[in-house]
Amino acid sequence: MVVPAAGLGTRFLPATKTVPKELLPVVDTPGIELIAREAALAGASRLAVVTAPRKQGIMAYFDQDELLESTLAARGKTTQLEKVQAVNNLVEAVAVNQDRPLGLGHAIGCAESALDDDEDCFAVLLPDDLVLPFGVLNEMIDVRQRFGGTVLCGFEVPEEEVSNYGVFDLEEPAEGDDPRVRRVRGMVEKPDVADAPSTVVAAGRYLLDRTIFDALRRTEPGKGGEIQVTDAIELLIKEGHPVHVFIHEGGRHDLGNPGGFIRACVDFALNDDSYGPSLRQWLTGRLSADAVSHAVVSGE
Ligand code: UTP
């Protein structure tokens with residue numbers, strides 16, 4: 001499986017000037033470890049992590065820290081020791097370098113050399129997109145077994161939100177077919193509500209047929225001068241390659257911007273035994289204080 005993590009993270013500056021966004025903690029666990037958990041659950045033993053020279057901390061996170069571990073062990077801090085070791089028991093991470101941030105498509109292209117010769121398809125997980133609960137990759141693998149080709153992950157969103165996303169143009173399901181699996185005719189990036197071909201938007205999980213590498217080589221830089229993976233997928237669709245979307249019915253957090261990241265932290269913290277109860281109490285008080293001050297200001 002491939003995890004592209006070489007982007008600049010401009011939506012999260014200034015923090016991402018020196019801290020890769022993939023290492024920002026959701027409660028206490030970096031996004032990259034959550035992605036490694038998801039990949040391991042889907043059966044991966046090896047992750048090709050695409051990183052940039054300025055983001056070396058990401059690979060360091062997968063290294064063992066013998067001094068830290070022996071110190072925790074000597075001090076009897078077993079819970080912390082288990083937390084530190086958890087990532088090493090999930091997957092083996094191998095680094096793939098992307099020298100310059102030339103786009104997600106380019107980053108995926110860099111991972112070609114990390115695949116085995118007999119891997120005719122591979123999964124891509126965007127580490128700033130949490131797709132919950134884990135398990136959507138297994139559903140996508142089932143779709144690939146039935147239809148072959150490439151499988152993407154989609155979400156239904158309210159109509160008024162489509163302009164924030166890449167929106168799928170989909171074929172209608174045949175009668176009796178699983179309505180969550182639809183053939184993709186094309187994609188439109190951030191359309192006006194009136195022009196949106198559906199309310200199913202793209203999420204950061206891809207099961208790509210190996211032919212994508214050839215398509216990427218034939219893809220010119222698009223929006224922002226970057227090589228876009230969606231342009232390469234469009235090329236495959238035009239050439240008759242089957243592309244399906246699996247419409248996931250769970251939740252999602254965009255860790256790539258402060259707003260989405262804060263929601264993820266609150267969501268995970270509310271479910272955490274240590275932090276949940278007091279956070280809930282504090283939030284309830286905070287929100288009712290807010291309601292009172294809002295009422296005073298608006299005269300309600
Ligand atoms: P994003 O566009 O969400 O990430 O790319 P970004 O470019 O880091 O962030 P902004 O837009 O500047 O805030 C989706 C994923 O693709 C990776 C990113 O690291 C992210 O995980 N990516 C993007 C690369 O690996 N290389 C690139 O050249 C671009």
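Only heavy atoms go into these numbers, but all of them, side chains included; no hydrogens, no water, no symmetry mates. Nothing fancy with the numbering, it's 1 onward along the sequence.
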Of the non-hydrogen atoms in [X] and [Y], which two are nearest, and what is the gap between them?
{"X": "Pro25", "Y": "Cys265", "result": "O-SG, 3.8 Å"}
{"X": "Ala269", "Y": "Val27", "result": "N-CG2, 3.6 Å"}
{"X": "Asp99", "Y": "Pro53", "result": "O-CD, 3.9 Å"}
{"X": "Gln98", "Y": "Ala107", "result": "NE2-N, 3.4 Å"}
{"X": "Val200", "Y": "Gly154", "result": "CG1-CA, 4.0 Å"}
{"X": "Ala196", "Y": "Val162", "result": "CB-CG2, 3.8 Å"}

Non-hydrogen side-chain atoms of [X] and [Y] separated by less than 4.5 Å:
{"X": "Arg252", "Y": "Asp129", "result": "yes"}
{"X": "Val151", "Y": "Val245", "result": "no"}
{"X": "Ile247", "Y": "Glu156", "result": "yes"}
{"X": "Tyr206", "Y": "Ile233", "result": "yes"}
{"X": "Asp231", "Y": "Leu216", "result": "no"}
{"X": "Val266", "Y": "Arg263", "result": "no"}
{"X": "Arg182", "Y": "Glu171", "result": "no"}
{"X": "Val124", "Y": "Met1", "result": "no"}

Should [X] and [Y] be regarded as members of a common hydrophobic cluster, given that ILVMFWY residues are connected when their side-chain heavy atoms come within less than 4.5 Å of each other, either directly or indirectly?
{"X": "Val91", "Y": "Val136", "value": "yes"}
{"X": "Ile141", "Y": "Val2", "value": "no"}
{"X": "Val243", "Y": "Leu207", "value": "no"}
{"X": "Phe246", "Y": "Leu125", "value": "yes"}
{"X": "Ile58", "Y": "Val50", "value": "no"}

inquiry  = Please evaluate residues Val201 and Val157 with respect to the criterion side-chain contact (heavy atoms from CB on, under 4.5 Å), reporting the C-alpha separation (whole Å), side-chain torsions for both, the decisive distance (0.1 Å), and the verdict.
reply    = CA-CA 7 Å; Val201 304; Val157 296; 3.6 Å; yes
Verify, without hydrogens or angle tests, whether [X] (side chain) and [Y] (backbone) share a donor-acceptor contact under 3.5 angstrom.
{"X": "Asp178", "Y": "Arg180", "answer": "yes"}
{"X": "Ser163", "Y": "Pro191", "answer": "yes"}
{"X": "Gln56", "Y": "Ala52", "answer": "yes"}
{"X": "Lys55", "Y": "Gly7", "answer": "yes"}
{"X": "Asp128", "Y": "Gly256", "answer": "no"}
{"X": "Asp272", "Y": "Ser274", "answer": "yes"}
{"X": "Thr29", "Y": "Val26", "answer": "no"}
{"X": "Asn88", "Y": "Phe62", "answer": "yes"}

Using a strict threshold of under 4.0 Å (side-chain N to carboxylate O), is an ion pair present between [Y] and [X]?
{"X": "Arg210", "Y": "Asp120", "answer": "no"}
{"X": "Asp209", "Y": "Arg144", "answer": "yes"}
{"X": "Asp116", "Y": "Arg46", "answer": "yes"}
{"X": "Arg183", "Y": "Glu172", "answer": "no"}
{"X": "Arg11", "Y": "Asp254", "answer": "yes"}
{"X": "Arg100", "Y": "Glu226", "answer": "no"}

More than 12 heavy atoms of other residues, nucleotides or ligands under 6.0 Å from [atom1] of [X]: yes or no?
{"X": "Glu159", "atom1": "CD", "answer": "no"}
{"X": "Tyr275", "atom1": "OH", "answer": "no"}
{"X": "Asp118", "atom1": "CG", "answer": "yes"}
{"X": "Glu239", "atom1": "CD", "answer": "yes"}
{"X": "Glu66", "atom1": "CD", "answer": "no"}

How long is the gap from [atom1] on [X] to [atom2] on [Y], to the nearest 0.5 Å?
{"X": "Ile32", "Y": "Met59", "atom1": "CD1", "atom2": "CE", "answer": "8.0 Å"}
{"X": "Glu38", "Y": "Asn138", "atom1": "CD", "atom2": "CG", "answer": "9.0 Å"}
{"X": "Leu23", "Y": "Thr16", "atom1": "CG", "atom2": "OG1", "answer": "11.5 Å"}
{"X": "Gln80", "Y": "Arg75", "atom1": "CD", "atom2": "CZ", "answer": "11.0 Å"}
{"X": "Glu119", "Y": "Leu208", "atom1": "CD", "atom2": "CG", "answer": "12.0 Å"}
{"X": "Leu130", "Y": "Leu34", "atom1": "CG", "atom2": "CG", "answer": "5.5 Å"}

query = Are the aromatic rings of Phe168 and Phe155 close, with centres under 6.0 Å apart?
reply =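 When the ring centroids of Phe168 and Phe155 are compared, they turn out to be at least 6.0 Å apart.
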message = Please evaluate residues Val19 and Leu24 with respect to the criterion side-chain contact (heavy atoms from CB on, under 4.5 Å), reporting the C-alpha separation (whole Å), side-chain torsions for both, the decisive distance (0.1 Å), and the verdict.
response = CA-CA 7 Å; Val19 183; Leu24 296 174; 3.9 Å; yes
key: Distance-only polar pair, side chains of Glu139 and His248, donor-acceptor under 3.5 Å   =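 The answer is no; no qualifying pair exists.
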task = Over 60° means perpendicular and under 30° means parallel, so classify the ring planes of Phe147 and His244, tilted if in between.
result =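 Judged by the thresholds at 30° and 60°, the geometry between His244 and Phe147 is parallel.
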